[in-house]
Engineer: 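Supplied in structure tokens, the structure appears directly below.
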Amino acid sequence: MLLKLTVLPGDGIGPEVTEQAVLVLQAVADGFGHQLQLQTKLIGGAALAAANDPLPADTIKACLESSAVLLGAVGSPAFDHNPGHLRPEAGLLRIRRELGAYANLRPAVFFPALEDCSPLRAELVRGTDIMIVRELLGGAYFGSPRSIEGAPGSRVAVNTMRYGESEIERIARVAFELAMKRRRKVLSVDKANVLECSRLWRDVVTRVAKDYPEVKLGHQYVDSAAMLLVQRPTDFDVLLTENMFGDILSDQAGGVVGSLGLLASASVGGPVGLYEPVHGSAPDIAGKGIANPLGAILSVAMMLRHSFQLEAEAVCVEKAVSAVLSQGARTADLAGKAHAAISTTQMGSKVVEAVKAASH
Ligand code: NAD
């Protein structure tokens, strides 16, 4: 198969982790007899620096002509004082919209080898396997009007949380379809006691659930869901929620399973899937060669599964990651006191070797 992709390394640790993810993808392609065709484009701070635009037209065109997009991360303190449309993050929000990627799938799976990495006791976190389904194109991140107005000292800021029934219905269907292939449980997370958007959300999700009688649907307020996520993470199967709640809860899930650096994501629903680690550009560790590349590498596994329907190849990458962790390979975020930390490139090379061993 021809695997035609655009790579958007982005900012901070983005280029460091995507480099390793691409090497792993190349190893899988070689091992399974696929052809990889790559082009690299600018997004975020890197694009602002080069073209004063966080998402140049040429980047959008390349992405739309690809079968899938691999993104590193965007965000750079150098642009913190820019107006909203000239911030790196504006490029990220726009590429999601340009690709029509309304369904953000964020698995949080506990690796048995990492029992010592979770801040939770092993008996609580063991067996955690959550699929967070986050609505990605609506809610407060996209709603208008949005503004900061007024004179310093008396400024007023406005954001708008907005959801339409069709937006809720289509993401709910994604969650129920995924639940059918898993443990058949959907927990819909909202704030229906306070927000109108959440009341509509709950109403529509309940209606959609009638088409999936085999799936057990529950509803939970976001504050109590946050608590349950640390108290009983193994109770969760599919967690369905809106854009901002999903953003927050998925980082929390990363903490639960050991490190944000482990979490992968797929943003699907449009013509071209977008795959990226959950973490940001991590300016505090950028350039040091210590970032964990496993979230980016596992995003490649999600790409193989969701954009190319290459299940055996996806499993090969996931097993390779699991194997290197079992062998004791740890980047600094996972090393703790018991392990010596290896670099980003060393971790990537170990996964490449494991993929080669499994696929030849
Ligand atoms: P972050 O995810 O970049 O970092 C949070 C913490 O986790 C930091 O201490 C960082 O060192 C650590 N961390 C993150 N990824 C890691 C990895 N792979 N290996 C080891 N440690 C890792 O979040 P932040 O610091 O809040 O944001 C930094 C910038 O990233 C901001 O500009 C923000 O807007 C942007 N951001 C981008 C995305 C994205 O591109 N999808 C997501 C979140 C934040």
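Indexing begins at 1, ligand by ligand and atom by atom, following the structure's order.
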Engineer: Can you tell me which residue and heavy atom of the protein come closest to atom 41 (N) of ligand 1, and the distance to 0.1 Å?
Structural biologist: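 Ranked first by proximity to atom 41 (N) of ligand 1 is Glu276 OE1, 3.1 Å.
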
Engineer: For atom 12 (C) of ligand 1, what is the nearest protein heavy atom, given as residue, atom name and distance?
Structural biologist: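 Checked against all protein heavy atoms, atom 12 (C) of ligand 1 sits closest to Ala282 CB, 4.5 Å.
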
Engineer: Return the closest protein heavy atom for atom 18 (N) of ligand 1 as residue, atom name and distance.
Structural biologist: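 Atom 18 (N) of ligand 1 sits closest to the protein heavy atom Asn292 O, 3.0 Å.
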
Engineer: Would Asp190 and Arg199 satisfy salt bridge (charged side-chain N to carboxylate O under 4.0 Å, His left out), going step by step from the backbone distance to the final call?
Structural biologist: CA-CA 8 Å; Asp190 61 37; Arg199 278 180 217 134; over 6 Å; no

Engineer: My understanding is that we take every heavy atom of each candidate and find the minimum distance to atom 1 (P) of ligand 1. Doing that for Gly280, Gly44, Pro277, Gly14, which one comes out nearest?
Structural biologist: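 Shortest heavy-atom distance from atom 1 (P) of ligand 1: Gly280.
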
Engineer: Once you round to the nearest 0.5 Å, how far does CD of Gln20 lie from CG of Asn292?
Structural biologist: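 That separation rounds to 11.0 Å.
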
Engineer: If hydrogens are left out, which of Glu89, Glu16, Met347 has an atom nearest to atom 32 (O) of ligand 1, that is, the closest non-hydrogen atom?
Structural biologist: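 Among Glu89, Glu16, Met347, the closest heavy atom to atom 32 (O) of ligand 1 comes from Glu89.
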
Engineer: Rounded to the nearest 0.5 Å, how far apart are OH of Tyr275 and CG of Leu8?
Structural biologist: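 These two atoms lie 13.5 Å from each other.
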
Engineer: For Pro283, is the nearest heavy atom under 4.0 Å from an atom of ligand 1?
Structural biologist: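 It does; at least one heavy atom falls under 4.0 Å.
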
Engineer: Classify the contact between Leu71 and ligand 1 as side chain, backbone, both or neither, using a heavy-atom distance cut-off of under 4.0 Å.
Structural biologist: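 No part of Leu71 is near ligand 1 at this cut-off.
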
Engineer: How about Leu64: does its CG atom have over 12 heavy atoms from other parts shown lying under 6.0 Å from it?
Structural biologist: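 Yes, CG of Leu64 has more than 12 neighbouring heavy atoms, counting only those of other groups under 6.0 Å.
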
Engineer: Quick one: does Ile285 get within less than 4.0 Å of ligand 1, heavy atoms only?
Structural biologist: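 Yes.
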
Engineer: Identify whether NZ of Lys or CZ of Arg in Arg97 sits under 6.0 Å from the centre of the six-membered ring of Phe142 and within 45° of that ring's axis.
Structural biologist: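 No, Arg97 does not sit over the ring of Phe142.
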
Engineer: So if I apply the ring-ring contact (aromatic ring centres under 6.0 Å, His included) rule between Trp201 and each of Tyr163, Tyr221, Phe245, which one comes out positive?
Structural biologist: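 Single pass found, and it is Tyr163.
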
Engineer: State the CD-CD distance between Glu167 and Glu135, to the nearest 0.5 angstrom.
Structural biologist: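 Atom-to-atom, Glu167:CD and Glu135:CD are 5.5 Å apart.
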
Engineer: Identify the protein heavy atom lying closest to atom 14 (C) of ligand 1, giving its residue, its atom name and the separation to 0.1 Å.
Structural biologist: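 Looking at atom 14 (C) of ligand 1, the protein heavy atom closest to it is His279 CB, 3.6 Å.
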
Engineer: Nearest heavy atom to atom 30 (O) of ligand 1: which of Gly75, Ser281, Gly72 does it belong to?
Structural biologist: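 Nearest heavy atom to atom 30 (O) of ligand 1 lies in Ser281.
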
Engineer: Under 3.5 Å, is there a donor-acceptor pair between the Thr206 and His219 side chains?
Structural biologist: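 Result is yes, a qualifying pair exists.
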
Engineer: How about Lys350: does its NZ atom have over 12 heavy atoms from other parts shown lying under 6.0 Å from it?
Structural biologist: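 No, not enclosed.
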
Engineer: What pairs of residues pass the salt bridge (Lys or Arg N to Asp or Glu O under 4.0 Å) test when at least one of them lies in residues 248-266, not counting sequence neighbours?
Structural biologist: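 Pairs touching residues 248-266 that pass the test: none.
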
Engineer: Measure from atom 10 (C) of ligand 1 to every heavy atom in Asp11, Leu8, Asp284, Leu93 and give the option owning the shortest one.
Structural biologist: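 Ranked by closest heavy atom to atom 10 (C) of ligand 1, first place is Asp284.
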
Engineer: Is it the side chain (CB and beyond), the backbone, both or neither of Leu92 that lies under 4.0 Å from ligand 1, heavy atoms counted?
Structural biologist: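 For Leu92, the contact with ligand 1 is made by the side chain alone.
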
Engineer: From atom 16 (C) of ligand 1, work out which of Leu263, Ile13, Leu260, Asp247 has a heavy atom at the shortest distance.
Structural biologist: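 Nearest heavy atom to atom 16 (C) of ligand 1 lies in Ile13.
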
Engineer: Give the residue and atom name of whichever protein heavy atom lies nearest to atom 35 (C) of ligand 1, and the separation in Å to one decimal.
Structural biologist: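 Nearest neighbour among protein heavy atoms for atom 35 (C) of ligand 1, to 0.1 Å: Val74 O, 3.1 Å.
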
Engineer: Show me which atoms of ligand 1 lie under 4.0 Å from any heavy atom of Ala73.
Structural biologist: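 Heavy-atom distances to Ala73 below 4.0 Å select 40 (O).
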
Engineer: Can you list the atoms of ligand 1 that are under 4.0 Å from a heavy atom of Gly261?
Structural biologist: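 Close to Gly261: 17 (C), 18 (N).
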
